[in-house]
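A, B, ... follow the sequence lines: proteins, then strands. Residue 1 opens every chain.
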2 protein chains.
Amino acid sequence: MKHDTVELLKAHGINPSSQRVRIYDYLVASKDHPSVDDIFLALQKEGHLFSRATVYNTVKLFLEKHLIRPVKVASNEMRFDASHSFHGHFRCEACDKIFDIPIEELSLDGATEHQIQETNVSFSGICAECLKKGKDD
Amino acid sequence: MKHDTVELLKAHGINPSSQRVRIYDYLVASKDHPSVDDIFLALQKEGHLFSRATVYNTVKLFLEKHLIRPVKVASNEMRFDASHSFHGHFRCEACDKIFDIPIEELSLDGATEHQIQETNVSFSGICAECLKKGKDD
DNA sequence: ATCATTGCAAACACTTTGCATACGC
DNA sequence: GCGTATGCAAAGTGTTTGCAATGAT
């Protein structure tokens, strides 16, 4: 059980139970913005058998505490971003993988009337790998 | 039944049935990116009683034919954009309304390896109106 | 012993699908 | 009449919730 994570969760007002720590660590370690089911299956395979409900409740808690952010790129499932750096996301329509895309902060022209709390930039198309393989076209 | 719409649907290879024309017109006329249920309820109220399934099937068809684009800002429901101009979306967490936000095209630094087909920029927070009302804070 | 977290299963919300009916050419 | 679009209801998928059991201090 990673101490850094324990401290981080505490700092955000989250009781660092072992499941929560594992879920957070998994989110940070995986670069591909796993879905709830991905998290559940991966941690279940590791032998930490807990329920999907726990994963849902945990990510919901993390979201509320602003420890992670939702990735709005796939329409159906929730996906998450544990990184706090500003970047965009690219989702491949063929293999359904999600990549981080470096982008510059964007400057708004006429949105200042609203109080913006979150910004989300996403792209979709065919990733380099699938283009080579010609999986789609 | 609007002729422009009929022609537009035909041009996209879509058989312009009366429901499809109405749904498309409703999408274009409404500036707030209605959900499937919004569309269904509005057109039902107008007396065009059809089923949710028809709305779902129709918007799915429109999406496939690239007549409309999905708006990725609300996690739960599908929302649509019939406009083809480049702009972002702002979703108010308090009143759940979606506003169009003018933004400049963004320049990518390192994403050129992938074939980008769609770009989506969205913001969330509290809209000007809700800020005034103090619905949230 | 108390309080929070977990797991299960049921409920829920949104979307898709199968099939019979109705419509348009 | 034939092919397609529609409507209904049922099934499917992803998410949330209620409650009992477990775990931590």
With a 3.5 Å cut-off and sequence neighbours excluded, list the donor-acceptor pairs that the side chains of residues 7-15 of chain A form with protein atoms.
residue : atom : partner : partner atom : Å
A/H12   : ND1  : A/K65   : O            : 3.4

What does nucleotides 14-25 of chain C look like as a protein-contact string, B for base, S for sugar-phosphate only, - for none, at under 4.0 angstrom between heavy atoms?
-> SBBB--------
Would you kindly give the CD-to-P distance between B/Q44 and D/dT6, to the nearest whole Å?
-> 16 Å
Nearest listed nucleotide, side chain of A/R20, among C/dT6, D/dG7, C/dG7 | C/dT6
Could you state the atom-to-atom distance from CZ of A/F40 to C1' of C/dT6 in whole Å?
-> 13 Å
Do NZ/NE/NH1/NH2 and the carboxylate oxygens of B/D37 and B/R52 come within less than 4.0 Å?
-> yes
Mind telling me whether A/H89 and A/H33 have parallel, tilted or perpendicular rings, with 30° and 60° as the class edges?
-> perpendicular
Between D/dT4, D/dT6, C/dT6, which nucleotide has the shortest distance from any of its atoms to the side chain of B/N15?
-> D/dT4
For atom CG of B/D96 and atom C1' of C/dA13, their distance in whole Å | 14 Å
Is the backbone of A/S85 close enough, under 3.5 Å, to the side chain of A/S83 for a donor and an acceptor to pair up by distance?
-> yes
Report the distance from atom CZ of A/F62 to atom P of D/dT15, rounded to the nearest whole Å.
-> 17 Å
With respect to the phosphate group of D/dT6, does any side-chain polar atom (N or O) of B/S17 fall under 4.0 Å of OP1 or OP2?
-> yes
Evaluate the side chain to side chain donor-acceptor pair (under 3.5 Å) criterion for residues B/S35 and B/D38: first the C-alpha distance (whole Å), next the side-chain angles of each, then the deciding distance (0.1 Å), finally the verdict.
-> CA-CA 5 Å; B/S35 66; B/D38 293 334; 3.1 Å; yes
Any side-chain N or O of A/Q19 less than 4.0 Å from the OP1 or OP2 oxygen of D/dG23?
-> no
Check whether any side-chain N or O of B/S51 sits under 4.0 Å from OP1 or OP2 of D/dT6, and answer yes or no.
-> no
A/L61 has an atom CG; how far is it from atom P of C/dA4, in whole Å?
-> 13 Å
Spacing of B/R22 atom CZ relative to D/dG7 atom C1', expressed in whole Å = 17 Å
For A/N120, the side chain to side chain donor-acceptor pair (under 3.5 Å) test, sequence neighbours excluded, returns none
Look at atom CD of B/E129 and say whether more than 12 heavy atoms of other residues, nucleotides or ligands are closer to it than 6.0 Å.
-> no
From CD of B/E64 across to P of D/dA5 the rounded distance in Å is 12 Å
